[in-house]
Amino acid sequence: MSILAKPVLLIGAGHMGGALIAGWRRARALEPGELMIRDPEPGTQALAAADWGASLNGPDDRLAAAKTVVLAVKPQAWRAAAAAVAPFLASDATVVSVVAGIETRDLSQAFGARPVARVMPTTAAAICRGAASIWASTAAARAAAHAVFEPLGAVVDLADEALMHAATGASGSAPAYVYALVEALQAAGVAAGLEVGAARELARATVIGAAGLLEASGEDAAELRRQVTSAGGTTAAALGVLTGDGALERLMTRTVAAAAARSRALSHE
Ligand SMILES: NC(=O)c1ccc[n+]([C@@H]2O[C@H](COP(=O)([O-])OP(=O)(O)OC[C@H]3O[C@@H](n4cnc5c(N)ncnc54)[C@H](OP(=O)(O)O)[C@@H]3O)[C@@H](O)[C@H]2O)c1
């Protein structure tokens, strides 16, 4: 376990920033006095953290205390957010950015050449079941990012910054693919004759149960699939449609590539 340098300053407490707050609190990674939050329109998690005792939109002269700065604003807002805090930060503060597509070279420049790590997280960080892909050019910045995300789930180091685009497509954006799968399974259940409520309950419970078994068993997904697919049975018939001729793999490859391409484009906007 890497040691988290505190206090932590979180810039942007929307969907992802809010998930980080919830996860840190669940994991007891921080005491209230060790969390500073900046957000012009604080949402539920930021307000709950302020009730808990964290500092919310405190004075600029307090920012110098921050040892780790987590940047979690939208890509369009990052330059303004960085410019608003950078002059007040201590020279040894490390910046950990979860902003999709924005490169460490640009981030480091905007933060006065302070060390920067990039992370592509998932919102399941809120329940400490996240997946975080990490890249940094220095061991110290990488360790800072590990310390921020290890309490929040799995962490994976990337060998090259360019791989952040692939990690965005294959992980950061991917919870939405799973939710879309649940929606499609529910709709298909209705199309097959189930009532809406029953189809919803079954789709949710089936996906949650399959994910739980994946975790509890530690088996590869391919092995679990084989275990529930008997030759000539109903599941084999279904998979003939879903994965026959590599259909699902081709669709998923295009899906991940679209997210990666958007991430590349964001880095040039
Ligand atoms: N959501 C995900 O699943 C996910 C996954 C991986 C990575 N990310 C990355 O996480 C970042 C945040 O995404 P999100 O979905 O959490 O966006 P979001 O819900 O819009 O949250 C961003 C928050 O930052 C606030 N903000 C804007 N300007 C600010 C400033 N100058 N200083 C402080 N706070 C400011 C926004 O306030 P206003 O609403 O007032 O603008 C908003 O509350 C993005 O860069 C995204 O690439 C997200």
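Heavy-atom basis, side chains included; hydrogens, waters and symmetry copies ignored. Note that ligands are numbered from 1 as they come in the structure, with each ligand's atoms numbered from 1 the same way. Being a predicted model, the structure only gives us computed values, none of them experimental.
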Residue, atom name and distance, where the atom is the protein heavy atom closest to [atom]:
atom	answer
atom 7 (C) of ligand 1	Val98 O, 3.5 Å
atom 39 (O) of ligand 1	Glu41 CB, 4.9 Å
atom 16 (O) of ligand 1	Met16 N, 2.7 Å
atom 21 (O) of ligand 1	Gly14 CA, 3.2 Å
atom 24 (O) of ligand 1	Gly12 CA, 3.3 Å
atom 20 (O) of ligand 1	Lys74 CE, 3.3 Å
atom 33 (C) of ligand 1	Arg38 O, 3.3 Å
atom 42 (C) of ligand 1	Asp39 OD2, 3.5 Å

Considering only heavy atoms from C-beta outward, does the side chain of [X] approach that of [Y] to under 4.5 Å?
X	Y	result
Trp135	Arg142	yes
Arg26	Ile127	yes
Arg38	Val73	no

- Counting heavy atoms only, which of Leu266, Ile37, Val73, Leu71 comes nearest to atom 26 (N) of ligand 1? Val73
Have a look at ligand 1 and work out which part of [X], if any, has a heavy atom under 4.0 Å from it: side chain, backbone, both or neither.
X	value
Pro121	both
Thr123	side chain
Ser173	neither

- Please say whether His15 places an N or O atom under 3.5 Å from an N or O atom belonging to ligand 1. yes
- Message: So, regarding Ala100 and ligand 1 (criterion: nitrogen or oxygen to nitrogen or oxygen, under 3.5 Å), is there a contact or not?
- Response: yes
- Message: Would Arg129 and Glu215 count as a salt bridge (Lys or Arg N to Asp or Glu O under 4.0 Å) here? Give the steps.
- Response: CA-CA 10 Å; Arg129 287 282 193 279; Glu215 181 179 46; 3.1 Å; yes
- Are Ile134 and Val99 grouped together when hydrophobic residues (ILVMFWY) are joined by side-chain heavy atoms under 4.5 angstrom apart? no
